[in-house]
2 protein chains.
Amino acid sequence: MLDATRRDDRTGQRTVDRTARRTENRYGNRPTMKDVAARAGVGLKTVSRVVNAEPGVTEDTERRVQEAIAALGFRRNDSARVLRKGRTASIGLVLEDLADPFYGPLSRAVEEVARAHGALLINGSSAEDPEREQELVLALCARRVDGLVVIPAGVDHQYLEPEIAAGVATVFVDRPAGKIDADVVLSDNFGGARGGVAHLIAQGHRRIGFIGDQPRIHTAVERVRGYRAAMEDAGLAVDDRWVSLGATEPERVRRAAEDMLTGPDPVTAIFSGNNRVTVTVIRVLAERERPVALVGFDDIELGDLLKPGVTVVSQDAAQLGRTAADRLFLQLDGAALPPERIELTTRLIQRGSGEIPPSSP
Amino acid sequence: MLDATRRDDRTGQRTVDRTARRTENRYGNRPTMKDVAARAGVGLKTVSRVVNAEPGVTEDTERRVQEAIAALGFRRNDSARVLRKGRTASIGLVLEDLADPFYGPLSRAVEEVARAHGALLINGSSAEDPEREQELVLALCARRVDGLVVIPAGVDHQYLEPEIAAGVATVFVDRPAGKIDADVVLSDNFGGARGGVAHLIAQGHRRIGFIGDQPRIHTAVERVRGYRAAMEDAGLAVDDRWVSLGATEPERVRRAAEDMLTGPDPVTAIFSGNNRVTVTVIRVLAERERPVALVGFDDIELGDLLKPGVTVVSQDAAQLGRTAADRLFLQLDGAALPPERIELTTRLIQRGSGEIPPSSP
DNA sequence: ATGAAAGCGCTAACAG
DNA sequence: CTGTTAGCGCTTTCAT
């Protein structure tokens with residue numbers, strides 16, 4: 001790498017212009033503070049003072065140093081700085097998949113908080129794989145991020161204990177951590193689902209289906225629990241064929257929906273457990289003649305423009321991220337807070353699909 | 001920070017259990033290779049060998065070192081490693097806004113390529129602010145990322161010249177760089193827009209509006225150019241009132257759409273310049289009685305389920321990211337490639353809204 | 001106001 | 001197979 005540049009340096013020995021001469025080192029031949037100091041005719045520490053805007057440098061010296069910096073194209077090496085200072089001014093965010101419209105806004109919100117605290121955000125996708133989650137988290141710890149926001153894929157986070165003990169601030173979001181005591185910021189998944197299902201019951205539905213994510217995911221479990229609670233509150237029995245938990249792949253969701261919509265005692269309404277599921281269920285229902293009611297967990301874009309509009313239990317992804325990040329920096333700012341569980345409320349948004357009355361089979 | 005832990009260390013002097021004793025240092029008191037070496041009764045370099053899975057260590061020694069590592073909760077400090085090795089095994093991605101559904105998949109695609117190369121991805125949002133873009137890029141350079149994928153917000157990237165000369169691999173995506181010669185991966189914005197507008201013309205439309213992003217954004221300019229080319233190809237004049245470039249805020253887009261839909265010579269079709277614009281235009285059209293045709297640049301989720309379905313010129317965000325990242329690692333793997341411009345084709349997807357015939361005013 | 005020396009934790013280069 | 005030494009580029013400490 002960079003051979004071309006090096007060759008230039010060697011051939012045209014006096015090309016002090018674009019590729020100013022300098023000692024050979026790694027990083028593709030970058031000037032260091034030492035180089036700047038030599039060029040400006042000052043001590044190393046003086047350069048450091050200028051670069052970090054520390055006091056105690058005459059205007060004249062400062063100017064000479066700045067000139068040398070510009071001429072050489074110097075840029076401070078933060079790796080060295082971090083090694084000395086012990087703080088990286090960066091935090092990590094491990095989530096499931098940045099391509100999911102739920103996580104984009106969450107990540108952006110965390111980034112904004114980090115930015116306000118002068119920190120950079122490094123985020124990684126676990127792809128819902130516990131091993132990959134751990135791998136990512138530990139890689140971030142090796143880079144000595146100051147703090148960590150984690151949307152857990154796995155259920156056991158004991159591997160984080162030494163890191164937390166060593167001072168890595170940690171907050172879990174969206175799902176609680178497993179086997180470890182730590183801050184966690186959640187939506188009220190149970191209450192939200194319960195309310196959504198109760199809404200369907202209030203419309204007169206008695207046979208209601210639930211299609212959700214895999215049962216090893218906390219939110220899926222909480223939401224199905226909310227569904228069962230609402231049914232029980234209303235004195236309604238739940239047929240096993242009405243409940244389906246599993247991967248959110250369109251094929252599986254489609255099959256699950258079609259199964260509960262046919263045969264004896266078909267459901268007249270469906271509660272879908274997250275945005276991915278909702279999208280597929282909408283497609284299935286659009287193909288059918290008899291109207292079926294639908295309430296989905298998570299809002300979806302353009303949900304208001306479909307016919308009928310999609311009634312949803314909405315959670316605020318950005319607020320989730322913001323709250324977690326705020327909490328993280330509270331920890332980083334030295335507050336010795338006992339681990340806390342923060343729960344954000346959800347909101348039922350009626351748009352039509354959830355207000356469809358039951359139709360006789 | 002970490003006072004609690006420290007106090008534990010000092011009080012219970014022999015708590016060799018969870019918080020094993022060790023020398024005081026920064027990073028919230030983390031053990032170093034030296035500590036591990038001392039505990040295992042071996043030399044520092046042997047620990048390094050074990051940690052990096054280098055050959056030349058007996059099974060027995062390795063076991064002892066591993067035990068010490070586990071007992072102390074040692075984790076290699078990558079800052080020090082980077083300082084020594086000169087490579088950070090990380091790349092940076094600067095984009096506009098991670099919360100935009102266009103950039104999520106792009107970022108995820110870059111991440112996957114990085115991961116395949118053993119690198120971590122750090123991404124930052126410029127919020128379409130040139131200053132913030134530069135700030136972010138330079139922060140990433142200070143952290144010595146090996147490479148940079150940039151979706152430019154600004155139009156002048158000369159500030160990157162010293163960095164690139166110093167060996168930071170760089171690829172621009174979605175928009176070309178300004179005043180600097182570098183790799184760039186683009187969609188065929190001109191051709192895509194031209195094709196989309198030609199499609200509307202083929203349906204019989206003669207008065208077609210264009211609503212796009214701000215004219216300082218390259219893609220916006222290219223797409224409006226494509227629009228004008230298609231109109232000219234068909235020998236159609238373009239009324240100034242039919243073309244609107246500006247912020248993608250719903251309010252502005254709504255006003256623009258309503259303006260060109262009313263008054264004398266109202267448009268019978270609209271070409272919307274990106275996903276944000278499309279969403280708002282859909283809302284405006286949904287409120288109107290007379291059907292108006294619509295083709296949008298960028299695909300949008302659930303666009304097929306709306307009535308009518310939304311006809312779009314689709315570009316593949318993930319493919320854009322993948323191509324750019326591949327190119328970046330090609331550079332990093334030492335290929336001395338001359339800067340190239342790679343253009344990806346777009347695809348017209350007919351779903352109904354673009355096939356609406358013109359209606360008489 | 002300025003600088004020299006020490007050292008952060010690690011790896012490269014060389015001994016043994 | 002194993003250990004010792006030097007030094008990556010910076011900040012800290014302490015002289016001057």
Side-chain angles (χ1 to χ4, degrees), chain A residues 22-65 68-69 72-89 141-144 166-167, chain B residues 22-65 68-69 72-89 141-144 166-167:
Chain A
R22 55 182 91 110
T23 46
E24 289 260 330
N25 54 24
R26 29 184 63 71
Y27 297 114
N29 233 357
R30 275 175 167 281
T32 70
M33 282 190 181
K34 198 174 151 196
D35 300 325
V36 175
R39 167 138 188 166
V42 300
L44 175 58
K45 177 66 207 182
T46 301
V47 177
S48 173
R49 285 201 180 91
V50 171
V51 169
N52 297 300
E54 283 169 26
V57 182
T58 11
E59 231 174 69
D60 182 61
T61 319
E62 152 127 32
R63 200 179 31 71
R64 272 165 49 226
V65 171
I69 288 176
L72 296 174
F74 168 81
R75 179 101 38 223
R76 180 180 65 196
N77 185 331
D78 277 352
S79 291
R81 167 167 233 248
V82 158
L83 182 58
R84 219 32 260 248
K85 299 205 70 141
R87 279 266 180 137
T88 55
C141 288
R143 279 167 204 248
R144 297 294 188 268
Chain B
R22 54 184 92 107
T23 46
E24 288 260 331
N25 53 23
R26 29 185 64 70
Y27 297 114
N29 231 357
R30 275 176 167 281
T32 71
M33 282 191 182
K34 199 174 151 196
D35 300 324
V36 175
R39 167 134 187 171
V42 300
L44 176 57
K45 179 66 203 182
T46 301
V47 176
S48 173
R49 287 201 180 90
V50 171
V51 169
N52 297 300
E54 281 169 28
V57 181
T58 13
E59 231 174 69
D60 183 61
T61 318
E62 152 127 32
R63 201 179 31 69
R64 270 165 50 226
V65 172
I69 287 175
L72 295 174
F74 167 81
R75 177 103 35 227
R76 179 181 66 196
N77 185 331
D78 277 353
S79 291
R81 166 167 234 248
V82 159
L83 183 57
R84 215 36 256 249
K85 300 205 70 142
R87 280 267 181 134
T88 54
C141 288
R143 278 165 206 250
R144 296 294 188 268

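Bear in mind the structure is a predicted one, so any value in this text is a computation, not a measurement. Throughout, protein chains are lettered first and strands after them, A, B, ... in sequence-line order, and every chain is numbered starting at 1.
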(message) Between the side chains of B:Arg64 and B:Glu59, is the shortest nitrogen-to-carboxylate-oxygen separation below 4.0 Å, so that they form an ion pair?
(response)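 Here B:Glu59 does not pair with B:Arg64 in a salt bridge, since their nearest N and O are not under 4.0 Å apart.
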Separation of atom [atom1] in [X] from atom [atom2] in [N], rounded to whole Å:
X        : N      : atom1 : atom2 : answer
B:Met33  : C:dA12 : CE    : C1'   : 13 Å
B:Asn77  : C:dG7  : CG    : P     : 18 Å
B:Lys85  : D:dG7  : NZ    : C1'   : 15 Å
B:Arg143 : D:dG9  : CZ    : C1'   : 16 Å
B:Glu54  : C:dA13 : CD    : P     : 12 Å
B:Leu83  : C:dT11 : CG    : P     : 11 Å
A:Lys34  : C:dA5  : NZ    : P     : 13 Å
B:Arg144 : D:dC10 : CZ    : C1'   : 11 Å

Using a 3.5 Å distance criterion without hydrogens, assess whether the side chain of [X] forms a donor-acceptor pair with backbone atoms of [Y].
X        : Y        : value
B:Asn77  : B:Ser79  : yes
B:Arg143 : A:Thr88  : yes
B:Arg75  : A:Ala142 : no

(message) Mind checking if A:Asn52 touches a base, just sugar-phosphate, or nothing, with heavy atoms under 4.0 Å?
(response)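 Sugar-phosphate contact only.
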(request) State, with a plain yes or no, whether a side-chain heavy atom of B:Met33 is found less than 4.5 Å away from one of B:Ser48. (result)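 Side-chain contact under 4.5 Å: yes.
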Check the interface with nucleotides 3-5 of chain D: list each N/O to N/O pair with the protein under 3.5 Å, or write none.
from: D:dG3; atom 1: OP1; to: B:Gly43; atom 2: N; distance (Å): 3.3
from: D:dG3; atom 1: OP2; to: B:Gly43; atom 2: N; distance (Å): 2.7
from: D:dG3; atom 1: OP2; to: B:Thr46; atom 2: OG1; distance (Å): 2.4
from: D:dG3; atom 1: O6; to: B:Arg49; atom 2: NH2; distance (Å): 2.9

(request) Please say which of B:Val47, B:Val50, B:Val57 ends up in a side chain to side chain contact (heavy atoms under 4.5 Å, CB included) with B:Val42. (result)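 Exactly one option meets the side chain to side chain contact (heavy atoms under 4.5 Å, CB included) with B:Val42, and it is B:Val47.
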(request) Taking only the side-chain nitrogens and oxygens of A:Ser48, find out if one of them lies under 4.0 Å from OP1 or OP2 of D:dT11. (result)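 Indeed, a polar side-chain atom of A:Ser48 lies that close.
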(message) Quick check on C:dA1: is either OP1 or OP2 less than 4.0 Å from any side-chain nitrogen or oxygen of A:Thr58?
(response)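 Looking at the OP1 and OP2 atoms of C:dA1, neither is under 4.0 Å from any side-chain N or O of A:Thr58.
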(message) I want to verify a distance call: between C:dA12, D:dT11, C:dC10, whose nearest atom is closest to the B:Phe74 side chain?
(response)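 It is C:dC10.
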(request) Would you kindly check whether a donor in the side chain of B:Arg84 faces an acceptor in the base of D:dG7, or vice versa, at under 3.5 angstrom? (result)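 For B:Arg84, whose side chain was compared with the base of D:dG7, there is a donor-acceptor pair (under 3.5 Å).
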(request) For A:Asp35 and A:Thr32, work out which heavy atoms get closest and say how close. (result)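 Where A:Asp35 meets A:Thr32 most closely, the heavy atoms are OD2-N, 2.8 Å.
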